[in-house]
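Order of the sequence lines fixes the chain letters, A, B, ..., with proteins taken first and strands second; residue numbering starts at 1 for each chain. Computed from heavy atoms alone, side chains included, the values below leave out hydrogens, waters and symmetry copies.
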Amino acid sequence: MSWIHVQHHPSLSPSNPPPPRLAAAAATNSKYANFSQIPSWVSLKSTSSSFVKTTPPLQQGRVENLHLVSLSKQGKLKEARVFLEQMDEAGVYVTPHSYESLLETCRNLRSLAEGRYIHDRMRRRTVKNPSGFLENCVLRMYCDCGSLVDAQTMFDEMAERNLGSWVVIMSAYAEAGFFDKSFWLFSDMLVLGIEPTSMIYTGLLKCLVNPSLVEIGRQLHSRVIRSGLSSNVAINTALCNMYVKCGWFEGAKLVFDQMDEKDSVAWTGLMVGYTQAGKPEDALDLFVKMVMEGVKLDQYVFSIVLKACAGFEDLNLGRQIHSYIVKLGLETDVSVGTPLVDFYVKCVNFEYACRAFERISEPSDVSWSAMICGFSQIGKFDESIKIFKSLRNNSLVLNSFIYTSIFQACSALADFNLGAQAHADAVKRSLISHLYGDSALVSMYSKCGRLDYATQAFESIAAPDTVAWTAIISGNAHHGNASEALRLFRTMQDCGVRPNVVTFVAVLTACSHSGLVVEAKHYMDTMRSQYLVDPTIDHFNCMIGIYSRAGLLQEAYELIKSMPFDPDKTSWKCLLGGCWTHKNLELGEIGAANLLQLDPEDTAAYVLLFNLYASSGKWEEAAGVRKMMTEKNLKKELSCSWITVKGKVHRFLVGDKHHPQTEEIYSKLEEFDQTLMNNENGLLTEEDDVSYTFPERKQQLLVHSERLAMAFGLISTPTNTPIIIFKNLRACEDCHEFAKHLSDISGRRIVIRDACRFHHFLSGQCSCNDYW
DNA sequence: AGTCAAAAAT
């Protein structure tokens, strides 16, 4: 809630914040009086001076009341209270307008205590109050502050209720879901012979928001007809919206079609309904009709039409509507510009999104969050974070969507430091979106190598949904805790949460990393029949990977041939990977051939095939593969490893000597020199550069990037913390052995995240049991 | 008087 307060603070206007210097200047020019500016000759202490005595009594409190209103508009209720007491002491009259302003602030800030105080002092003195206006303000204050009990007491005690009083309390009950209460009041009204106005009806109708309430809606509708209000635009619009929200589109259409007077509001409401019901095409049809009937188009119309468009991801259609928006000069409007940005982001056209954003005159937090999303989508997570930081530094309004995006960005960058800070920050501002933010956090901590934090985050979710369960299952899967992942999968079902497509990917991933062939096959076979989830190619690829890794290469190949999908790159790569591990040249050649047909530039395919030939002693073929690579001028992905120490990322390449502590790192590595494994067969690892000759490669092995990172971790982090290293490619066998050994001698816990999973090394053992 | 815009897990 805290950020809402900011919105009411004039000098921190959310949409267009002046830089600090300007803000200070603006404050002194503020249209509201500032206490320090009140000249001493009218200030409270001088009420006894001869000048004031000659001024008429009402005139006397003008500046004080102005100051009071100023304080309340700035949300300074505590100060206002002190000032009120000073005014009392000085015998200065508080005007109805001041009370109105104070009550409004109490409402906006949901400050029941201050509201009660104001009400209390109003009762203790005579306030000039024409037609019970102020009493309705108090009533609304109680309703908006959530105290229906106080509101009811007030209502019962009111000497002079007017229609406004009825509207306020009935709407409040309806909004809070106490429909019986509001309908009792409704019948009270009728009994008292008070004829309900359109306000009464619209107040009630707008609270009927789900299908279970449609009957009440129909009854109200019939009363509307009987009371002769059926041509009232506001009521008809409200009826139409009510039926839409209650899911009765036929009813909505009926009301809509017989309206003889329809403005853009009525059209908008119907379009909202269609869009929310997943019928964007109907919404667009309505838009076309609107245009043909010449209805005036406003920013609301375009915001919903753009949302409908985003559902289609039809760039062309959106461009046409965009040009319409430009013609009408509405592109600078934040409520048109923002959905426009979002539309382009959804169409994966970030350039257009940027241009649309630039045109918005006063971007809101929603506009910024659309941009953050856009940057993340094109992989520019640093840019997302940059925006986030600058919004924060400028005290602009942040929201839970933004935090969710930041958690995602930190996941992708595996930035534990920033992620944990953003987490704490979001907690302080209570801006963690239920389920959305929670799941993103689970995933973030898991991807940062902290499954312990991920588990904590998961356990703090009151009622995890499918996505949240999937996140924690997937986390355990990637950290190699297959049995825990499968246990969670069962618990999830015991909790009545149903697994979906992604959940099964996570479950199969868990099996895959632990070689649970039988279990995987069981889930594969039952996911459709028992769980009603149709397997996708991702599931088949997981299964192919599981067979291949387990050495069941024939089974893997049969599955590729028999599965109901055309095999893709991943399918063949899984097979090829298994063929390399289990030295099956025949199937390996088939895998490589198919893979290279789908992607002739796939470096990993060449490396695997090269190794496969080399290990079978087929040097000529191996040389051929290498020649092909050189001919194609294939630049393989540069291998690197990184480690974060004190918030700073240290990145290493093979044989890197750029680090300022290079000497220490290399001498640390030499300490472990004798533990090096023999790699006499001259095989390539993914890390190696193929253009090197054999002796150089062997030399390279000693200084693989992850070893440099490990050595640096060893000398620069406290001994009681795990050394967490990330690398962009798969762990090479030799370095894996090295890490095991290092964990044994140093007693340190080492965590390495390679391209496909986490390895936890402790006391000479790896959590993957050498199966990866 | 009634209408608007965004997000999580492979």
Side-chain angles (χ1 to χ4, degrees), chain A residues 167 197-203 205-206 232-242 244 259 262-273 275-276 298-308 310 333-343 345-346 360 363-374 376 399-408 411 431-444 446-447 454 458 461 464-475 477-478 499-509 512 536-539 541-542 570 756:
Chain A
V167 172
T197 56
S198 63
M199 288 250 277
I200 297 279
Y201 284 112
T202 52
L205 285 169
K206 74 171 178 207
N232 181 301
V233 203
I235 295 185
N236 281 328
T237 306
L239 277 169
C240 195
N241 288 332
M242 180 273 294
V244 164
M259 284 171 73
K262 287 190 270 259
D263 53 17
S264 67
V265 180
W267 290 88
T268 310
L270 204 53
M271 289 196 288
V272 170
T275 311
Q276 277 171 357
D298 59 13
Q299 69 271 38
Y300 294 108
V301 174
F302 283 109
S303 62
I304 190 61
V305 166
L306 287 166
K307 183 185 170 161
D333 189 309
V334 65
S335 47
V336 179
T338 304
L340 195 56
V341 171
D342 180 59
F343 165 78
V345 167
K346 289 218 170 87
I360 303 175
S364 69
D365 54 318
V366 184
S367 325
W368 284 111
S369 102
M371 287 303 286
I372 289 175
C373 214
S376 293
N399 61 41
S400 60
F401 289 73
I402 293 177
Y403 279 99
T404 303
S405 293
I406 295 308
F407 300 152
Q408 284 177 287
S411 282
L431 285 181
I432 297 182
S433 162
H434 179 51
L435 297 177
Y436 287 89
D438 294 329
S439 303
L441 279 170
V442 172
S443 168
M444 177 196 81
S446 151
K447 285 185 182 153
F458 174 75
I461 307 175
D465 64 353
T466 304
V467 177
W469 279 104
T470 305
I472 193 68
I473 292 172
S474 171
H478 283 109
N500 66 12
V501 180
V502 189
T503 317
F504 276 100
V505 173
V507 167
L508 292 172
T509 305
S512 164
T536 67
I537 188 156
D538 297 324
H539 302 102
N541 285 343
C542 278
T570 312
C756 54

With a 4.0 Å cut-off on heavy atoms, is Asn232(A) in touch with a base, just the backbone sugar-phosphate, or nothing at all? nothing
Select one nucleotide: of dT3(B), dA5(B), dA1(B), the one nearest the side-chain heavy atoms of Val265(A). dT3(B)
What's Val366(A) touching, base or sugar-phosphate or nothing? Going by heavy atoms closer than 4.0 Å. base
Between dT10(B), dA7(B), dA5(B), which one does the side chain of Ile304(A) approach most closely? dA5(B)
Rounded off to whole Å, could you give me the CD1-to-C1' distance for the Ile406(A) and dA7(B) pair? 12 Å
Looking at every strand, decide which applies to Ser405(A) at a 4.0 Å heavy-atom threshold: base, sugar-phosphate, or nothing. nothing
Looking at side-chain heavy atoms only, is the closest gap between Thr202(A) and Lys206(A) below 4.5 Å? no
Can you tell me whether the side chain of Thr404(A) and the base of dA8(B) have a donor-acceptor pair closer than 3.5 Å? no
May I ask you to test the Pro499(A)-Phe504(A) pair for a side-chain heavy-atom distance under 4.5 Å? yes
Take atom CG of Leu431(A) and atom P of dA6(B), then tell me their distance rounded to the nearest Å. 18 Å
Side chain of Val467(A) only, please: which of dA8(B), dT10(B), dC4(B) is the nearest? dA8(B)
Length of the CG-P vector between Asp298(A) and dA1(B), whole Å: 17 Å
Between dA5(B) atom C1' and Met371(A) atom CE, what is the distance in whole Å? 15 Å
From the list dA9(B), dT3(B), dA8(B), which nucleotide is the closest neighbour of the side chain of Thr470(A)? dA9(B)
Spacing of Ile372(A) atom CD1 relative to dA8(B) atom P, expressed in whole Å: 13 Å
Within the structure shown, what part of the strands sits under 4.0 Å from Ser198(A) by heavy-atom distance: base, sugar-phosphate, or nothing? nothing
Rounded to whole angstroms, how far apart are CE on Met271(A) and P on dC4(B)? 10 Å
Rounded to whole Å, please give me the gap between CZ in Phe401(A) and C1' in dA6(B). 5 Å
Answer with base, sugar-phosphate or nothing: what part of the nucleic acid does Gln408(A) contact at a heavy-atom distance below 4.0 Å? sugar-phosphate
Within the 4.0 Å heavy-atom criterion, would you say Leu435(A) contacts the bases, only the backbone, or no part of the nucleic acid? base
Residue Lys307(A), side-chain heavy atoms: nucleotide from dC4(B), dA6(B), dA9(B) that is nearest: dA6(B)
Between dA7(B), dA8(B), dT10(B), spot the one nearest the side chain of Ser443(A), thanks. dT10(B)
Under 3.5 Å, is there any donor-acceptor pair linking the side chain of Asn500(A) to the base of dA9(B)? yes
Rounded to whole angstroms, how far apart are NZ on Lys262(A) and P on dA1(B)? 22 Å
Out of dA7(B), dT3(B), dA1(B), which has the shortest distance to the side chain of Met199(A)? dA1(B)
Is Val272(A) close to Val244(A) at the side-chain level, that is, under 4.5 Å between some pair of heavy atoms? no
Nucleotide of dA1(B), dA7(B), dT3(B) approaching Lys346(A) most closely (side-chain heavy atoms): dA7(B)
By nearest atom, which of the nucleotides dC4(B), dA7(B), dA9(B) is closest to the Cys373(A) side chain? dA7(B)
Ser400(A) versus Tyr436(A): any side-chain heavy-atom pair under 4.5 Å? no
What residues, two or more places apart in sequence or in another chain, satisfy side chain to side chain contact (heavy atoms under 4.5 Å, CB included) together with Met199(A)? Val167(A), Thr197(A)
Going by salt bridge (charged side-chain N to carboxylate O under 4.0 Å, His left out), name the residues that satisfy it together with Lys346(A), two or more places apart in sequence or in a different chain. Asp342(A)
Side-chain heavy-atom pair Leu270(A), Cys240(A) within 4.5 angstrom cut-off: yes
When we call it a touch if two heavy atoms are under 4.0 Å apart, what does Asp342(A) touch: a base, just sugar-phosphate, or nothing? sugar-phosphate
Go through dA1(B), dT10(B), dA8(B) for me and flag the one nearest to the Ser474(A) side chain. dT10(B)
